Every structure is written in structure tokens, then in C-alpha cells.
Amino acid sequence: MAVKLPVYMDNHATTPVDPRVLEVMLPYFTNQFGNAASRNHSFGWQAEQGVDTAREQVAALINATPKEIIFTSGATESDNLAIKGVAEMYREKGNHIITAVTEHKAVLDTCKRLEKHGCQVTYLPVSKEGLIDLDELRATITDKTVLITIMYANNEIGVLQPIEEIGKIAKEKKVLFHTDAVQAAGKVPFDVQKMNVDLASITAHKMYGPKGVGALYVRRRNPRVQLSAIIDGGGHERGMRSGTLNVPGIVGFGAACEVAQKEMPAEMERLRGLRDRLHQGITSRLDEIYPNGSMEHRLPHNLNVSFAYVEGESLLMGINDIAVSSGSACTSASLEPSYVLKALGVGEDLAHTSIRFGLGRFNTEEEVDYVVDRLAETVSRLRELSPLYEMAKEGVDVSAMQWNTD
Amino acid sequence: MAYSDKVLDHYKNPRNVGSLAKDDPNVGTGLVGAPECGDVMKLQMKINPETEVIEDAKFKTFGCGSAIASSSLATEWIKGKTLEEALTIKNTEIVKELNLPPVKIHCSVLAEDAIKAAIADYKGKQSVSTAEGATVASATAD
Ligand SMILES: Cc1ncc(COP(=O)(O)O)c(C=O)c1O
Ligand code: FES
């Protein structure tokens with residue numbers, strides 16, 4: 001079967017809406033367009049019914065109860081609400097927050113802003129594997145600590161933090177635990193009870209649902225978490241997030257959660273197979289390929305590797321019928337290589353050559369084979385063009401070279 | 001980001017890729033950039049010492065497509081020029097020819113720097129070889 005181009009393998013950035021999800025959403029744009037807060041006519045009731053079902057579906061995916069789900073505009077908002085909401089609500093108790101250097105900007109920049117408003121933030125480092133150290137976490141907690149916020153799965157390297165262990169520590173120390181579970185929810189098992197998670201951010205568009213809708217899980221029992229709202233208004237979502245609900249989006253989010261929950265075991269296995277095929281295909285055809293982050297504690301559908309001596313943007317240009325992303329400086333607006341790879345201690349020379357592959361529900365084995373072929377061809381060609389490759393072959397230690405940068 | 005057709009053309013069919021013998025006294029080598037800022041460019045030229053005309057040029061570049069295109073274009077432009085003429089090539093001309101957007105201007109600067117570095121390397125070698133010639137001459141005079 002011929003491969004349909006372009007091939008999409010950037011599922012950590014976003015995912016297409018599953019046709020089954022779209023189908024459920026469509027009536028909510030037309031006949032069932034009501035405002036879920038309209039209490040006195042059938043349009044409102046229908047919309048409310050759709051939202052209620054979705055709330056149950058989202059809750060079921062993460063083993064929460066429907067009342068613990070607050071719908072938002074996406075995970076950026078959920079992260080902001082969780083962190084700012086806790087910081088403000090528990091100000092009397094303390095002002096210390098613990099997070100990690102590899103978090104998403106929605107968490108890091110929120111923490112940075114809070115620092116300007118009197119919070120103290122500890123940014124835990126990570127190992128070469130991308131994992132935080134649990135003893136270090138434990139040692140960092142003080143009586144002023146109100147929140148630990150550590151992501152479940154990293155969006156660049158797919159590394160899974162030991163969420164269950166972190167949850168245990170947080171519970172024992174009576175500190176609230178928020179996790180940005182955007183990349184993990186719907187992909188790998190996520191159970192807020194078993195993992196002792198108090199707050200969790202998720203978003204629909206990373207799990208085959210629509211963009212612009214997400215949720216914050218807020219624990220109601222044992223302990224009951226309280227939050228200060230960051231958006232004030234009509235008091236929707238138990239006052240934690242005002243604003244007319246995005247009914248079609250929420251309905252789609254619910255449907256996406258239901259599909260994900262049902263298909264997770266099979267999908268995990270299938271994508272792991274494709275990911276391993278991709279990895280093996282690349283390493284069997286090319287030398288000096290370096291995976292970034294733990295291959296063991298990792299999302300089954302993620303691969304992040306450095307193609308030594310080949311700058312990432314030039315590689316993307318060569319494989320322009322394949323959608324993936326790079327941690328190279330040249331692809332970023334700031335001309336800085338990925339801060340996540342830097343935090344792992346990946347040398348800048350290798351960080352510039354990194355490519356992130358995010359496999360998804362609609363990728364096929366044929367596509368994987370096509371991608372391997374294109375990569376092998378393009379990397380070989382670009383290495384012939386690379387002065388660093390030439391120097392390495394001549395035995396010059398490129399990473400130890402002194403450069404004249406005046 | 002969308003690339004101009006000219007960048008794509010140089011990227012797909014880079015001109016003058018390769019290396020010249022860097023120990024040849026008539027070859028100037030410019031190696032500029034740093035892996036830390038993403039780009040490394042090696043530009044070499046073979047110069048006729050009588051006429052100071054650049055008879056051959058080669059490059060290898062680790063960098064984005066615009067950096068590859070800038071260096072490819074630079075080798076095309078310097079071939080057949082005298083050293084003096086080559087020194088007048090400005091990165092802004094490369095930007096114009098390749099239609100580079102503002103974020104890619106530094107890639108063209110690198111190409112200009114590589115030309116200058118290669119010429120400086122050649123000139124350094126020439127003065128060393130004349131100096132050596134002088135020592136030899138004085139030695140025989142003794
Ligand atoms: C780990 C992580 N957190 C948060 C977000 C932000 O999610 P959203 O696009 O729904 O605001 C993303 C996606 O970009 C992400 O990967
Ligand atoms: S070499 Fe990095 S942007 Fe051109």
C-alpha cells in the first residue's frame with residue numbers, strides 16, 4: 001500500500017480528532033446548541049445532559065468522580081488554575097512550591113510569575129534519564145511547602161516520572177500534589193486514587209479530541225482541595241472556572257476519553273511495536289544515533305533521538321513530507337536548543353541534532369518504514385555535508401574543540 | 001517556516017560540497033561558528049598565488065537549510081574572483097539573493113565570516129612560507 005503523504009508523526013504537539021469523536025460533537029453545533037446553564041428550556045437541558053455525560057467519561061478515564069472535574073479551555077489554563085489557585089488559597093499555610101526543570105512552560109512560567117509575588121519555588125533537577133530523585137524531593141519539602149507539581153509524561157522525551165511514589169511522599173508529608181498529565185492521560189494508565197494525585201491537568205487535543213478544551217481534576221475527599229479561581233464571572237464549574245461552557249468541545253472531550261479508555265491496552269501495545277520498529281530501523285541503518293531520556297520509563301509512543309552531526313532543522317527540511325519536531329536551536333524562535341535536553345545534560349552539539357517522534361492512533365507500519373527510509377537517506381546525505389562528521393571521522397573530538405566566537 | 005525556492009535549490013543541490021587539502025599552502029581554510037550556537041561552517045578556497053584568483057572553493061556546513069544555502073552560494077560567488085574582490089562580498093547580498101527572513105540573517109553572516117577566515121588563513125600561510133623562504137635564503141648565505 002502506498003503511503004499517503006505527508007506523514008504525521010508529531011502527536012505530542014496535537015492529535016487529529018477521531019472521526020468517532022467528531023460524530024458525537026456535530027449535533028451540538030447545530031440542533032443542540034443550547035447553553036448548559038439555561039435551566040428553563042430543552043435546549044439548555046440537552047446541552048447540560050451532554051456535559052454531564054462528558055464529565056462522567058472524563059472522570060472514568062482517570063478514576064475520579066464527575067464532581068471532581070472542572071472543564072477549562074485546555075491544559076495551559078488547568079496548570080495555571082491548579083498552581084495559582086493553590087498558591088493563593090493556601091497562602092496562610094505556606095508559600096513554597098516544588099516543581100522540576102523539565103516541566104512544560106505552562107507550569108514553569110506560572111511558577112516564575114508566582115516567584116514575583118512572594119512564592120518560593122524549587123526547581124528539581126533531573127538525571128540523565130530525565131527522572132527526578134525522590135530522596136531529593138523528600139528533602140526539599142519544608143513546613144512551608146504547599147504544592148508539588150511534577151508532570152506525569154514529558155512532552156519532548158516522553159519520560160514518565162514516578163507519579164505513584166511522588167503521590168505517596170506528598171500524602172505522607174501532607175502536601176498537595178498536582179500533575180500535568182497531558183501527555184499521559186488516555187495513553188497510559190492514570191489513576192488519581194491509586195497514585196494519590198490531588199490535582200491533574202489534561203487536555204482533549206492530545207487524545208484525539210478537539211482543541212481548546214481541557215480539564216482540571218480537583219480532589220474532593222481525603223483531602224478536599226480548595227482553589228482560588230483565576231477567572232471570575234457567572235460562577236460556572238462550582239465557581240472555580242466561570243464562563244459559558246464549550247459544549248461541543250466538552251462533549252468531544254468526553255467521547256475521546258471513552259474511546260481512549262476502551263482502546264488503551266491494545267493501542268499501547270501496537271504503538272510500542274511501531275515505536276520499537278522505528279527505533280530499530282533507524283539504528284540498523286545509521287550509526288551514532290543517541291536516544292534522549294530513559295527508554296524504560298517512557299511513553300510507548302515516544303521516541304526522541306539525536307542524529308549526531310546533522311543539525312535538526314536541516315534534517316526536518318530534508319524530510320519535509322514527514323511532520324516531526326526538533327529540539328534544535330535553529331527551529332526555535334529564541335535560537336536556544338531544547339531546555340529539556342539541556343536539563344538531561346545532553347551536550348548542545350547533540351541537542352541541536354535531536355528529533356522527536358510522536359506516534360499516534362492513525363500511524364501505520366508502512367508509514368514507519370517510509371520514515372526510516374527517508375531518515376536513513378537524508379541523514380547520510382547531510383553527514384556528507386557536515387564538517388563535524390568529517391572531523392569526527394578524522395578523530396577530532398568535536399565536543400572538546402575550542403571555538404573562536406569573538 | 002517556508003523557504004525560498006533559492007534556499008531549497010541550494011539545499012537540495014548544494015554546489016561545491018567537499019574538502020580541499022588543508023595543508024596545501026595555496027589553500028585557505030575558514031572554520032567559523034560554534035556548535036553551541038547551532039552552526040559550524042567550513043569554507044575552503046584554492047588560490048593561484050600568481051594572480052590571487054580563487055580557482056576552486058569547497059564547503060561543508062552543520063546548520064540550518066539557510067546556513068547550507070548561504071555557504072553553497074558563497075562558494076559559487078567566490079570562484080573566479082580575486083581575493084580582493086571576494087573580500088567585498090557582504091552578507092546582505094546573500095540575504096537578498098536567497099530571500100532570507102530576519103531570523104536567518106546570522107546564517108548569512110557566518111558565510112561572510114567564513115570567506116574572510118579562509119582568506120586570512122591563506123594570507124597567514126603565505127607570509128609564513130615567505131618568512132621560511134627568507135630564513136632558508138639567509139642560511140645559504142652564511
Ligand atoms: C505537557 C503539556 N502541558 C501542557 C500543555 C498545554 O496544553 P494546551 O494546549 O491544552 O493548553 C501541553 C501541550 O502543548 C503539554 O504537552
Ligand atoms: S544555522 Fe541555526 S538558524 Fe541557521
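Computed over heavy atoms, backbone and side chain alike; hydrogens, waters and symmetry mates excluded. These numbers come from a predicted model, not from an experiment. A, B, ... follow the sequence lines: proteins, then strands. Residue 1 opens every chain.
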From [atom1] ([X]) to [atom2] ([Y]), nearest 0.5 Å:
{"X": "A/L385", "Y": "B/S72", "atom1": "CG", "atom2": "OG", "result": "8.5 Å"}
{"X": "A/M317", "Y": "B/L8", "atom1": "CE", "atom2": "CG", "result": "4.5 Å"}
{"X": "A/N320", "Y": "B/Y3", "atom1": "CG", "atom2": "OH", "result": "9.0 Å"}

Smallest separation among heavy atoms of [X] and [Y], with atom names:
{"X": "A/R381", "Y": "B/K12", "value": "NH1-O, 3.7 Å"}
{"X": "A/S314", "Y": "B/I68", "value": "CB-CD1, 3.9 Å"}
{"X": "B/F62", "Y": "A/E311", "value": "CE1-N, 3.3 Å"}

Legend entry - Among A/G318, A/G347, A/G312, A/S328, residue most engaged with chain B (heavy-atom pairs, under 4.5 Å): A/G318
Inset, instruction - With the side chain counted from C-beta on, respond yes when B/K42 and A/M391 share a heavy-atom pair under 4.5 Å apart, and no when they do not. - result: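 No. Closest side-chain heavy atoms not under 4.5 Å.
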Legend entry - A/H352 vs B/V40 side-chain heavy atoms within contact, under 4.5 Å: no
Is chain B contacted by the side chain of [X], its backbone, both, or neither, given a heavy-atom distance below 4.5 Å?
{"X": "A/S326", "value": "neither"}
{"X": "A/L382", "value": "side chain"}
{"X": "A/S386", "value": "both"}

Considering residues, nucleotides and ligands other than [X], do more than 12 of their heavy atoms fall under 6.0 Å from its [atom1]?
{"X": "B/D5", "atom1": "CG", "answer": "no"}
{"X": "B/K90", "atom1": "NZ", "answer": "yes"}
{"X": "A/K112", "atom1": "NZ", "answer": "yes"}
{"X": "A/E394", "atom1": "CD", "answer": "yes"}

